Amino acid sequence: MATKQYAFYPGCSSQKNASSSNYLTSVESMCKTLDIKLTEIPDWNCCGASIGYGEAGELPRHVMNARNFALAETNLPGQDIVATCAACWLGAKESKERIEHSSQLLADTQEALKEAGLQIKVMPEIRHMAEVLVEDFGFDELGRHVKKPLKGMKFAGYVGCQTNRPFGIAGENFENPMYLDKIVETMGGEAVPYDQKVTCCGGALAFSEPEKSQAQIKDIIESAYDHGAEMIVTPCPLCQANVEIYQGHINKKYSTKFNIPVLYYSQLMTLAYGGSAKEAGLDGQVIRARKLEEFAGK
Amino acid sequence: MTDVVATNETILVVGGGISGMTAALEAAETGKNVVLVEKSPSLGGRTSQLYRYFPKMCHPTCGLEINLRRLKANPRVRVLTLAEVTGVEGAAGNYTASVKITPRYVNENCTACGACADAVQVMVDNPFNYGLNKMKAAYLPNAMAFPQRYVLDSSIVHTAEGEKAKAACKYNAIELDQEEETISIKAGAVVWATGWQPYDAAKIQPYGYGRFKNVITSVEFERLADPHGPTGGKILRPSDGKEAKNVAFIQCAGSRDENHLRHCSRICCMASLKQTHYVREKHPQDGKSTIYYIDIRAIDRFEDFYQKVQADPSVSFIKSKVARITLNESTGNVVAHGVNTEGYKRYANEHDLIVLAIGMEPSVKGVNIPADIVFDSSGFIEADPANGAVFGAGCASNALDVNRAVQSATAAALRAIQVVNKVARAEA
Amino acid sequence: MSANQQMAAKYQNRFLKEVEEQVEMGEWVKMCMQCGVCSGSCPTNFQPGWDHPPQEIFMMIRAGKREEVLKSESMWMCTSCYNCIVRCPRKIPITHIMHGLANYAHRLGIAPKGQPTRAFAKLFWNNCIHTGRVNELKLSMGLYFKDAEGKINIGQGIKKGLEMKNVAIGLLKAKRLNPFEIFGGHKCKDQKGIAAMLKKARELESQRKPLSQSGAAR
Amino acid sequence: MADEKKFAAYICKGCGLGERLDADALVKVAQKEGKMNVVRQHEFLCNADGVAMIKNDIASEGVTHIMIGACSRRAKTDAFNFPNHALARANLREGVIWIRPHTDEARETTQEMAEDYIRMGCAEVKAMTVPGGNPNTGGNRTLLVVGGGPTGMTAALEASKTGYPVVLVEKTGALGGWAAKLWKRIPVHEPFKAPVDAGMADMIAQVEADPNIKVYLNAMIAKSDGAPGRFVVDIATESGSIATEDIGAIVQATGFDLYDANKLPEFGYGKTPDVVDQAGLEALARAANGGPIKRPSDGKEVKSVAFVQCAGQRDASGKHLTYCSGTCCNISIKQAMYFKDANPSVDATVIYTDLRTPGNGEDFYRSAQEKGVIFTKGKVATVTPAGGNLSVNFHDLILDDKNAQIEADLVVLATGQVPNSGVNIDAAPVEEPAQGGGAAAAPQVKIKPISILNLTYRQGPDVPQFKWGFTDSHFICFPYETRRTGIYTAGPVRRPMDMLQAREDATGATLKAIQALENAQLGRAAHPRSGDLSFPTVRLEGCTQCKRCTVECPFGAIDEDEKRFPKFNESRCRRCGTCMGACPVRVISFENYSVNTVGAQIKAVNIPDEFSEKPRILILACENDAYPALDMAAMNRNEYSAYVRVVPVRCLGSVNTIWITDALNGGYDGVMLMGCKSGEEYQCHFVKGSELGRYRLSKVGDTLKGMNLEAERVFDMEVAITDMHTLPKKINDYAAQIVEMGLSPFKGF
């Protein structure tokens with residue numbers, strides 16, 4: 001019987017072979033160490049993401065999330081829903097709040113769910129994985145499992161937007177959240193202070209208006225470099241992807257020489273917990289994290 | 001043991017700032033007996049920490065001197081410093097207040113000669129200057145301090161330093177064995193004049209107070225401009241002691257904000273307009289002030305003060321709530337980012353120093369007033385019959401400027417007098 | 001109506017009321033006190049093409065500038081970073097209002113034609129509700145091979161595809177892009193249920209916010 | 001107090017005085033030159049033992065006059081407190097050892113300085129008599145309240161509640177003032193969300209039911225004569241008969257009038273009835289009685305209304321009101337709610353440049369927004385008719401649209417308050433030209449303002465005005481400082497304000513009025529020398545009837561009697577001594593502060609001969625600001641010249657030029673005068689004291705010429721209490737300048 005059990009909501013990008021499958025891999029290894037049992041919500045569906053607004057409108061978006069709530073509640077009663085993706089977490093949390101605040105919306109949601117033979121009886125809690133680590137475990141506990149401290153490695157903790165605003169992690173500061181830096185330090189690494197910690201990466205604009213989002217990504221990477229970071233670490237798949245995979249384009253456009261690996265906190269933790277490069281999903285880096293690969297090899 | 005003669009015809013005034021002093025003096029000069037309780041070691045309160053007043057640009061210590069003269073001349077007011085009211089029982093015309101008195105470790109023999117301060121080496125934060133500098137652990141709270149008597153910081157009392165101080169005093173003024181005591185005082189009516197405190201600027205995250213040294217609050221700025229202050233009146237910015245010539249003022253720092261203080265603090269606009277004068281006073285040639293505002297609230301007779309500042313070429317106004325402040329790491333300057341809403345103009349302006357026109361929080365907030373009192377949603381004491389003979393005065397009752405606070409305190413004094421007169425008639 | 005009267009027709013609350021009825025969180029627009037902290041907090045605001053920041057959009061709504069607002073690109077530039085929400089001194093859900101305005105303009109069919117984010121949003125949603133989960137490959141292919149109006153455009157697709165070649169190869173190497181997604185890939189089992197559920201939801205929504213009595217007719 | 005005077009001097013050796021000074025020598029000075037009957041020194045004079053010694057001398061030796069040679073008169077006042085005894089203090093600590101270096105070279109001059117201060121202290125105390133209090137008191141305890149609006153009624157009710165009878169005079173036929181004409185008022189309690197009943201009916205009922213309050217309606221003040229505690233007031237009633245009342249003190253609550261909207265033709269006022277001012281809107285709202293508000297022109301229900309803020313206010317051009325009335329934003333918000341509460345579909349727009357809703361007004365503002373009132377930051381240019389409606393043409397400052405327009409059924413102009421303060425007694429008698437050019441539109445008939453109080457005072461029938469017709473007051477620390485003792489103004493006549501503030505103000509003014517009559521009864525002074533029992537007396541046989549005292553008194557305390565001699569009304573007097581300073585023949589004095597008490601000190605100083613190279617500089621320092629500044633300089637151990645001798649004065653206004661000429665004749669090399677800032681932003685606690693003093697001193701030049709001395713030998717400087725860092729330098733510079741100039745030839749005459 002695992003110490004902690006959660007209804008797992010991986011989200012579209014964290015599926016096998018999807019754009020953040022390496023996130024999934026490392027989360028699984030991390031959870032093994034921490035003795036966390038994640039049970040995937042059966043037949044979960046997409047949260048609609050923020051960008052969903054354009055076409056979907058209000059109710060359909062909430063209904064999509066409501067379906068996941070209902071599925072979680074029926075199949076995994078009493079378990080909090082845990083999302084690893086910032087957008088999934090935010091979308092779900094938002095829908096939960098709205099439905100809870102409007103009886104009208106709740107009624108409509110139930111009516112729509114009925115079409116899929118579902119119903120919300122109890123509204124489950126929606127948590128982000130980082131939230132779980134900080135609140136249900138705490139840094140001391142997370143530190144207890146460290147076997148190989150990430151000594152001498154400098155990371156820029158890139159929190160970004162959606163794990164930070166508007167909800168954020170309880171007790172954190174919107175402008176300068178510290179939890180990610182603390183995780184890095186707990187794993188024995190060094191978190192460099194820099195001023196782009198919560199700058200937006202451009203989010204969905206990365207697809208539709210790349211030049212706009214890439215301008216923002218450039219600022220983030222530049223500042224990370226300027227403040228001596230060797231790698232960037234983030235809790236958000238979209239941030240990870242945006243900041244990592246467009247470096248080539250940015251180099252072309254701004255004639256920069258960016259080549260900085262962008263990782264997930266779960267990858268660092270897996271490694272610090274003694275996991276292999278594979279368990280940490282390092283093979284999933286578009287920009288290889290050589291230093292970490294060597295570290296894992298040792 | 002502190003002994004205080006008080007009866008049901010006595011008026012208890014809580015708070016020794018300008019409102020409390022006014023209430024006490026007006027009542028005493030009308031022939032009533034008053035006990036004035038102040039929690040810090042000397043009277044004067046927050047106004048005594050201001051350099052100048054708007055709109056006359058005169059000095060608060062000038063009025064304080066008069067009030068102290070009135071006090072020295074008036075045997076009807078009994079002043080207790082380092083004293084805090086911890087409980088009030090009873091009802092209108094018959095209250096008993098418990099007052100906790102913290103030791104000063106210096107008795108009335110003190111002549112304020114300063115020998116103890118010369119002897120002591122330990123330095124402690126100077127609260128009168130909002131901790132912007134340090135002072136000897138044996139200190140006179142400020143140049144105007146009344147009672148004019150030194151204080152020993154409790155941190156040194158039971159140390160060798162304490163002994164040094166004691167040894168240095170020829171007049172047996174230092175009593176290292178003084179202990180905290182609680183006395184109870186009878187009163188027919190209570191005037192609650194505990195004033196206000198600056199809102200915690202660190203809570204306004206985008207402005208980086210606490211993260212950026214050169215972001216300070218308006219109350220701290222007053223100390224920088226004051227010749228009695230930590231810099232002797234030079235506006236030196238905290239990060240590197242460089243003279244600040246290009247200064248920005250951000251209005252509604254905490255006020256008019258659902259995330260912080262819901263009310264408008266009333267004084268901040270005028271305070272910033274006033275403080276632009278400080279910048280010009282210190283740097284007539286190349287001083288530059290910028291005020292970021294939502295609405296300039298230069299109310300009633302103050303309007304022409306605003307018009308004069310507007311006419312000053314060294315001051316610019318930008319209608320905008322600054323979105324965030326960042327730091328220029330190379331220069332130490334702070335950069336205000338935002339949009340001028342008059343016609344949508346974006347800006348990122350670099351300043352030597354940014355002053356947050358910090359909001360006014362009633363001091364009663366958080367402190368539980370030991371009597372069940374009706375507050376408004378901002379924590380100010382409301383005028384309400386349910387309060388019996390406990391009357392709010394000054395900034396404990398509303399966000400007020402000095403002039404209005406004094407009016408409010410004078411009115412509170414009359415309300416208190418009405419109660420004790422009734423008692424007197426009953427007892428006669 | 002004379003030009004003057006047309007002018008004057010503006011600044012009447014007609015459009016504001018329309019927004020309150022039709023737009024998600026639209027009832028908050030009237031609460032803005034024009035401090036501008038949202039405008040200053042918006043990340044894309046500091047880039048070209050961002051013609052009206054939120055606070056200005058709100059003022060335009062109050063001023064009855066219906067066409068200018070609904071046809072504006074501005075709302076479509078929201079990156080959902082939520083800076084405006086956390087800083088607004090009136091706690092106005094600005095991000096959602098911007099989304100709501102975009103969606104309303106889209107529903108009315110007067111949102112800017114060829115607005116890439118508008119197109120992507122449509123594409124994304126259809127992609128994700130098709131099987132219940134996003135098919136990233138199809139999504140990106142769609143993004144490249146369909147123009148903003150949703151029409152297939154091979155030439156453009158190949159061009160964009162080439163631009164993105166390195167990215168794609170990178171992801172492929174990293175096993176973060178699965179070519180076989182093109183033949184199905186991730187999907188929910190109960191697609192029927194999802195479809196029915198969403199159909200119902202759309203019905204209900206259009207009942208709650210019937211366009212007919214809205215400004216669309218005007 | 002027995003005429004038998006016994007003088008005692010006490011010299012303290014504490015705080016380093018013993019080490020730094022030759023105390024025995026000081027004792028000798030006090031005995032030989034000071035001619036003190038008893039002289040003692042003490043190691044630690046201010047402690048229980050030292051004070052006991054003094055009290056013992058009072059008891060056993062019958063000492064009546066005490067000279068303390070110790071610290072500043074501002075220090076240890078609790079210890080050195082001997083009621084009913086004359087007290088002078090020689091400032092040896094802050095005045096001498098703390099401002100002098102502790103060196104052997106300095107020792108001689110330091111000792112000389114100390115000895116002079118002992119001489120001065122002895123001379124002063126010998127010239128003093130113990131103040132006995134003003135005998136010319138009055139016992140009237142009735143308050144006169146002028147004005148029957150909420151301010152006046154509050155004053156009446158509060159006074160009655162405190163146990164004082166009230167006479168309330170209202171010029172109209174009903175109580176309530178403007179407030180009685182309101183439909184609703186701004187809320188003053190949580191929740192600050194909606195307009196509430198103005199509560200005037202209750203208040204009027206309370207006043208009418210109060211046996212302590214006597215109300216005169218349709219009545220005016222025909223004559224106010226006398227002084228606090230003994231005013232005699234004639235009240236002209238409707239019937240034409242005159243009622244006479246004995247009054248102790250007066251509260252003037254004459255309120256405000258609306259700014260005349262006819263001066264705003266550009267906003268269409270007067271051209272169409274559908275443009276109203278705020279009072280006009282209140283009338284419409286009362287007529288509607290909670291139902292939909294109809295517009296005047298055609299009785300059509302108002303579907304859209306626009307509020308124009310700052311109409312004729314905040315106008316730097318001088319054409320209209322310069323100031324902001326402070327209340328109009330909340331009033332317009334309230335009035336917009338009238339419409340929204342009756343019918344939410346009405347379009348209500350407030351056009352403002354700065355929305356001013358301080359304190360919880362912010363809640364009221366938010367509440368209006370929730371109700372759908374629209375706020376537009378803009379500047380209105382014109383209001384013009386447009387097809388049966390009105391078109392408000394303005395510059396939208398947010399969208400920067402100069403040609404923005406709002407069509408409205410009704411337009412409300414927020415025109416603000418004009419104080420109703422009677423005659424401006426300081427106004428030049430000559431007909432002033434019509435204000436600006438703007439009002440010229442309507443040909444102006446100059447109506448002489450009607451006096452409100454009709455005071456029989458020499459200086460005029462009403463209280464002096466401050467700015468823009470608002471009645472005078474110090475305005476910051478001491479809002480109730482008045483230039484007409486015992487007469488306190490309250491409410492919008494002092495400053496534009498809403499009802500809540502007005503009622504608070506009225507309550508405060510009532511206390512001050514009660515205080516004034518109580519103090520008058522005891523013969524004590526009012527603020528700032530509250531409790532002072534000294535009062536001015538005049539030797540009429542010496543008076544030349546030059547009238548300077550009657551003209552200059554900042555408080556209008558002095559009238560002229562039928563024989564045209566000055567008539568002092570002591571309980572109007574504030575003891576500043578300006579009259580004493582003004583008197584060319586020096587016949588005015590106070591028991592403990594006179595031409596002599598200061599003159600004697602000046603003469604007592606030992607003047608070294610002109611070859612000694614030791615100049616003497618007299619400093620006459622305002623005791624409220626300059627003297628404390630010198631004290632604080634000393635506490636900071638900021639050193640300054642040993643050549644100066646400082647004499648505190650009550651006010652620069654009390655400085656009589658004779659002191660200066662005597663000093664120069666006596667061989668002083670220079671005189672520094674330290675007074676407070678004068679002029680519009682005056683910082684003088686006697687309002688005009690320092691200004692009048694300066695004016696007088698500007699004439700000293702001729703005297704100097706007469707003596708053919710350099711003009712620089714008299715130096716008048718403005719000193720603020722914060723100058724403790726700069727003051728010592730200024731003193732030293734002046735001393736150097738004097739040395740440069742050479743010593744005065746008048747020594748040893």
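Naming: A, B, ... by sequence-line order, numbering from 1 per chain. What you see is a predicted model, and the numbers here were worked out from it, not measured in a lab.
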Winner by heavy-atom pair count (cut-off under 4.5 Å) against chain C, out of [options]:
| options | answer |
| --- | --- |
| A:K252, A:K16, A:Q104, A:K114 | A:Q104 |
| A:G52, A:G48, A:G248 | A:G48 |
| A:N45, A:L59, A:N22 | A:L59 |
| A:G203, A:G281, A:C12, A:A49 | A:C12 |
| A:V198, A:N164, A:T109, A:L90 | A:L90 |
| A:E209, A:R98, A:E111 | A:R98 |

Give, as side chain, backbone, both or neither, the part of [X] having an atom under 4.5 angstrom from any heavy atom of chain C.
| X | answer |
| --- | --- |
| A:F174 | side chain |
| A:Q162 | side chain |
| A:R61 | both |
| A:L118 | neither |
| A:T199 | neither |
| A:I51 | both |

Carefully, step by step, assess A:H62 and A:F69 under the rule ring-ring contact (aromatic ring centres under 6.0 Å, His included).
CA-CA 10 Å; A:H62 298 318; A:F69 304 161; 9.7 Å; no

Side chains of [X] and [Y]: do they bring a donor and an acceptor to under 3.5 Å?
| X | Y | answer |
| --- | --- | --- |
| A:S95 | A:N65 | yes |
| A:Q110 | A:Q119 | no |
| A:S14 | A:S20 | yes |
| A:N259 | A:Q247 | no |
| C:S39 | C:Q55 | yes |
| A:K197 | A:N176 | yes |
| A:E279 | A:S276 | yes |
| A:Q240 | A:E244 | yes |

Winner by heavy-atom pair count (cut-off under 4.5 Å) against chain A, out of [options]:
| options | answer |
| --- | --- |
| C:Q207, C:M164, C:E181 | C:M164 |
| C:H96, C:K187, C:R202 | C:H96 |
| C:N135, C:L143, C:N166, C:I85 | C:L143 |
| C:K199, C:H186, C:M75, C:R87 | C:H186 |
| C:S80, C:C188, C:A105 | C:C188 |

Looking only at heavy atoms, which two atoms of [X] and [Y] are closest? And how far apart?
| X | Y | value |
| --- | --- | --- |
| A:P237 | A:A86 | CD-N, 3.9 Å |
| A:C200 | A:I220 | O-CD1, 4.0 Å |
| A:V286 | A:I245 | CG2-CG2, 4.0 Å |

Quick check on the structure: residues of residues 125-134 of chain C within a heavy-atom distance below 4.5 Å of chain A, by number.
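Contacts with chain A: C:W125, C:N126, C:C128, C:I129, C:G132, C:R133, C:V134.
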
Could you note down all residue pairs passing salt bridge (Lys or Arg N to Asp or Glu O under 4.0 Å) where residues 88-98 of chain C supplies at least one of them, sequence neighbours left out?
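Every salt bridge (Lys or Arg N to Asp or Glu O under 4.0 Å) pair that includes a residue of residues 88-98 of chain C, provided the two are not neighbours, is C:R90-D:E362.
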
Chain A heavy atoms under 4.5 Å from [X]: which part of the residue, side chain, backbone, both or neither?
| X | result |
| --- | --- |
| C:H106 | side chain |
| C:E24 | both |
| C:L171 | both |
| C:R107 | neither |
| C:M25 | side chain |

Is the A:Y264 ring parallel, tilted or perpendicular to the A:Y23 ring (thresholds 30°, 60°)?
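Judged by the thresholds at 30° and 60°, the geometry between A:Y264 and A:Y23 is parallel.
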
In terms of ring plane angle, is the pair C:H99 and A:Y53 parallel, tilted or perpendicular, where the classes change at 30° and 60°?
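The arrangement is parallel - the two ring planes meet at less than 30°.
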
Are the aromatic rings of A:H249 and A:F258 close, with centres under 6.0 Å apart?
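No, ring centres 6.0 Å or more apart.
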
Spacing of C:L204 atom CG and C:K209 atom NZ [to the nearest 0.5 Å]:
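Reported to 0.5 Å precision, the distance equals 12.5 Å.
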
